[in-house]
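We use all heavy atoms of the structure for the numbers below, so side chains are in, but hydrogens, waters and symmetry mates are not. Count residues from 1 along the sequence.
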Amino acid sequence: MSERHVPVLIVGGGITGLTTALFLSWHGVRCTLVERHPDLLTHPRARGLTPRTMELYRQAGLEQAIRDAAYVGGGFTWTPVVADTLAGEHTSPEEPDEDDGSGSSPCGFGPIDQDRLEVIVRDQARKLGAELRFGTELVAFEQDGEGVTATLLDRTSGVRESVRAGYLVAADGFHSPVRHRLGIEVDGPGPMFTTLTATIEADLAAALRGRTVSIAYLERPRPYTMLMAHDTEGRRWVFGTGLEGAAEDYDDERVAAMVREAAGLPDAEVRLHPQIPGTDLKVLAFPIGAHLARSYRRGRVFLAGDAAHVWPPTGGLGANAGIQDAHNLAWKLAWVITGRAGAGLLDTYQAERRPVGELTMGQALARFGARMGPGHGPQVIDYGAVSMGYRYPVDGERPGEPVLPRLLDGTPGTRAPHVPLAGGRSTLDLYGSAFVLLTASPAWRSPDTDVQVVEEEVARAHGIGLEGAALVRPDGFVAWRSDAHDEEELARALDEVLDRP
C-alpha cells in the first residue's frame with residue numbers, strides 16, 4: 001500500500017466531523033475526512049441550532065446560508081408538547097421558560113434540519129480545501145509519539161490505502177469503533193432504549209386543529225413515541241417510537257398504522273420516504289442512551305461529538321455540543337500544527353469540553369424525564385445557561401456554575417459578552433482567527449494579539465476599566481483580563497494559555 005501524509009485525519013462524516021473539517025480548513029490546516037456511508041443521510045435528526053452554535057458558523061461566513069435553508073423564517077419559537085395522541089389534549093413539559101440566549105447574541109435560533117445543514121457545511125469545507133471521502137472506512141490504526149498510521153478501505157473498489165496523520169479526530173458516532181479500539185470506557189446510565197424512526201408525509205392538520213407543535217411526545221402507540229414537525233403545514237413529519245424486534249420487521253404499512261394511532265387519525269394516508277441516498281431504506285433504528293467518555297483524548301487521537309458523549313435528543317443539545325466540540329478542538333489543533341502554540345494547548349480540549357458534556361448530559365436527561373418520563377437527571381436549569389453560559393476552567397480549577405447569557409460579563413472562562421457595533425456587527429465578530437486584546441486604552445502593545453481599542457461601553461461590558469484589557473481567544477472565550485495596564489502580565493498569561501516556554 002502507498003502511504004499519504006495529512007496533518008489531521010477525521011473519521012466520521014456527520015455534522016461533528018464535517019464541522020471539524022470546516023474549521024480546520026478555515027484555519028488553513030489540511031485535513032482528510034473519511035465516512036463509510038456513500039453519502040449524507042437524508043434523515044433530519046437535529047432540528048435546530050442554538051444561538052451559540054450559530055455564532056460559530058457565523059465565524060465561517062455560513063450564517064446567511066443557514067438562514068436561507070431554514071424551514072421557517074424569523075420569529076420561530078420551538079414548541080414541545082406532551083399528549084396521549086397528537087389529536088388529544090396537549091400540555092407543556094414542566095420546564096422553566098426557555099431563554100436560548102438570543103437576546104445576548106448577534107444570532108438567533110437557527111431553525112434548520114441536520115441533513116440540510118450537513119450539505120452546507122460539507123460544501124463549504126470542500127471549498128476551503130478539505131478532502132472529504134465518502135464510501136471510505138477506517139479499518140485499522142496505530143499511533144506513536146509522532147503521529148497516527150491509518151488503514152483506509154474504499155468500500156466500492158476494495159482498495160486499501162495507508163495514511164499517516166499527525167492527529168486523528170474520531171467523530172464516528174454513538175458506538176465509536178475508534179473509542180472502543182482505544183479502550184476508553186464511559187460513565188453514565190448507558191443504553192435506555194432503541195428508537196425506530198421514519199420520515200413521513202401525512203396530512204395531520206386535522207389533529208393539530210390550528211395548534212402549534214414543533215415536537216409532540218406521545219403515549220400512543222407505545223411509550224417513547226414522538227412526532228416532530230418537518231414543515232409548518234402539518235404534512236411532513238419525523239415519526240419515532242420505541243423499537244420492538246428488528247427494524248427489518250417494520251414495512252411501510254406497519255409503520256403507517258403506528259403513525260395513525262400516534263396522530264389519533266385512523267384514516268390518515270401515510271407515505272414513508274427513503275432515508276439513505278441510493279437505497280430504499282425507509283426505517284432506521286437509533287439507540288437512545290446517555291454516557292460520557294472518561295477521556296476525550298488518548299495520545300494523538302481525540303473524540304468529538306457522539307463518539308465522546310451521547311444523551312437523549314430532548315432539548316436538541318446533542319448536535320450543538322458536537323459542533324462546539326469541533327470548533328474548540330479545531331483552533332487548538334491549528335495553533336499547535338502551525339507552531340504558534342505548544343502541544344500542552346491540546347490538553348485543554350478535554351479539560352474544557354468534558355465538564356460541558358457532563359453538564360449537558362444531565363440537562364438532556366432532566367428534559368427527557370419532564371417530557372417522556374419517568375424522571376431522570378438533575379433539576380432542569382435555564383436552557384441558555386446550558387447552551388451558552390457554560391464555563392471553562394481557569395488556572396486548573398473546576399469550572400463554576402453556568403450563568404444566564406444576559407449575565408455574561410467578561411469573566412475569564414466564559415464566552416465574551418455580545419456588544420452591538422456599528423453596521424450590524426458585534427464584538428463577537430472580532431474573534432475567530434487570532435487572540436484579541438480588547439481595551440479602551442491605546443497605550444497597550446502586544447505583538448502576539450490583535451489589539452482592538454474599543455469604546456468605554458464595550459470595556460465596561462467586559463468588566464475592565466479605562467486602563468485595563470481583556471484577552472479573548474479565537475473561540476470567543478475570555479482567557480484573561482486586568483483592570484491595570486500591565487503588558488508583562490499579559491505576555492505571561494498568553495504564554496501560559498498557549499503552553500509556550
Side-chain angles (χ1 to χ4, degrees), residues 13-16 18-19 22-23 26 39-81 98-127 197 199-201 204-205 208 211-216 226-240 273 275 277 305 313-324 326-327 383-384 386-388 405 418 424-426 428-429:
I15 192 57
T16 299
L18 292 169
T19 301
L22 168 72
F23 280 106
W26 188 73
D39 205 342
L40 302 174
L41 293 180
T42 56
H43 189 288
R45 289 157 288 162
R47 291 228 71 207
L49 302 177
T50 66
R52 175 57 186 159
T53 299
M54 288 293 290
E55 291 169 6
L56 308 187
Y57 286 131
R58 179 182 172 106
Q59 281 189 352
L62 294 184
E63 183 184 17
Q64 190 56 52
I66 292 171
R67 296 281 176 213
D68 291 343
Y71 49 79
V72 292
F76 173 78
T77 299
W78 184 258
T79 309
V81 301
E98 298 283 45
D99 174 9
D100 63 4
S102 295
S104 306
S105 172
C107 306
F109 177 78
I112 186 171
D113 296 319
Q114 185 171 329
D115 54 337
R116 292 189 176 187
L117 175 65
E118 287 179 348
V119 171
I120 294 170
V121 176
R122 177 198 65 189
D123 293 349
Q124 183 71 353
R126 278 180 170 155
K127 182 178 178 180
T197 70
T199 56
I200 64 165
E201 190 170 337
L204 305 185
L208 293 174
R211 298 172 296 187
T212 299
V213 172
S214 299
I215 187 168
M226 67 89 183
L227 277 167
M228 183 168 63
H230 205 195
D231 62 16
T232 56
E233 291 77 36
R235 295 181 178 274
R236 294 182 64 87
W237 299 82
V238 176
F239 170 74
H273 295 284
Q275 299 191 61
T314 42
L317 295 164
N320 285 281
I323 292 164
Q324 292 167 30
H327 185 263
Y383 190 85
V386 179
S387 63
M388 185 184 292
H418 153 63
R425 300 181 73 235
S426 163
L428 298 183
D429 295 325

Check: Going by the angle between their ring planes, with limits at 30° and 60°, are Phe23 and Tyr57 parallel, tilted or perpendicular?
Finding: parallel
Checklist line | For Arg235, all residues meeting side-chain contact (heavy atoms from CB on, under 4.5 Å), sequence neighbours excluded | finding: Asp203, Asp231, Glu233
Next item on the list: Find out whether Leu227 and Val213 are in side-chain contact, i.e. whether some heavy atom of one side chain is under 4.5 Å from a heavy atom of the other.
Entry: no
Check: Nearest heavy-atom pair of Arg116 and Ala69: which atoms, and what distance?
Finding: NH1-O, 3.2 Å
Notebook entry, point to check: Is the backbone of Ser102 close enough, under 3.5 Å, to the side chain of Asp100 for a donor and an acceptor to pair up by distance?
Noted result: yes
Next item on the list: Drop me the distance from His230's NE2 to Thr199's OG1, to the nearest 0.5 angstrom.
Entry: 7.5 Å
Margin query: To the closest 0.5 Å, what do you measure between CZ (Arg236) and CG (Asp113)?
Written below: 9.5 Å
Check: Hey, mind stepping through Arg58 and Glu55 against salt bridge (charged side-chain N to carboxylate O under 4.0 Å, His left out) and telling me if it holds?
Finding: CA-CA 5 Å; Arg58 179 182 172 106; Glu55 291 169 6; over 6 Å; no
Next item on the list: Kindly compute the distance separating CD (Glu63) from SG (Cys107), expressed to the nearest 0.5 Å.
Entry: 4.0 Å
Check: Only one of Leu117, Ile15, Leu18 forms a side chain to side chain contact (heavy atoms under 4.5 Å, CB included) with Arg122, so which one is it?
Finding: Leu18
Next item on the list: Starting at CZ of Phe239, measure out to CE of Met226 and round the result to the nearest 0.5 Å.
Entry: 8.5 Å
Next item on the list: Any chance you could measure Leu56, atom CG, to Leu428, atom CG, to the nearest 0.5 Å?
Entry: 10.0 Å
Margin query: Is there a side-chain contact between Met54 and Ser105 in this structure, where contact means two heavy atoms from C-beta onward sitting under 4.5 Å apart?
Written below: no
Note to self: Looking at every heavy atom in both Gly101 and Met388, which two are closest together, and how far apart are they?
What the structure shows: O-CE, 3.8 Å
Note to self: Which heavy atom of His418 sits nearest to which heavy atom of Ser426, and what is that distance?
What the structure shows: ND1-OG, 2.7 Å
Notebook entry, point to check: With no hydrogens and no angle check, is any side-chain donor or acceptor of Arg211 less than 3.5 Å from a backbone partner on Leu208?
Noted result: yes
Check: When rounded to the nearest 0.5 angstrom, what is the spacing between CG in Leu22 and CG in Asp123?
Finding: 11.0 Å
Checklist line | Least distance between heavy atoms, Arg67 atom then Gly110 atom | finding: NH1-CA, 3.8 Å
Check: Does the side chain of Ile120 reach to within under 4.5 Å of the side chain of Ile112, using non-hydrogen atoms?
Finding: yes
Checklist line | Closest non-hydrogen atom pair between Gly13 and Leu40, with its separation | finding: O-CD2, 3.6 Å
Margin query: Is it the case that the side chains of Asn320 and Gln324 hold a donor-acceptor pair, with the cut-off being a distance below 3.5 Å and no angle test?
Written below: no
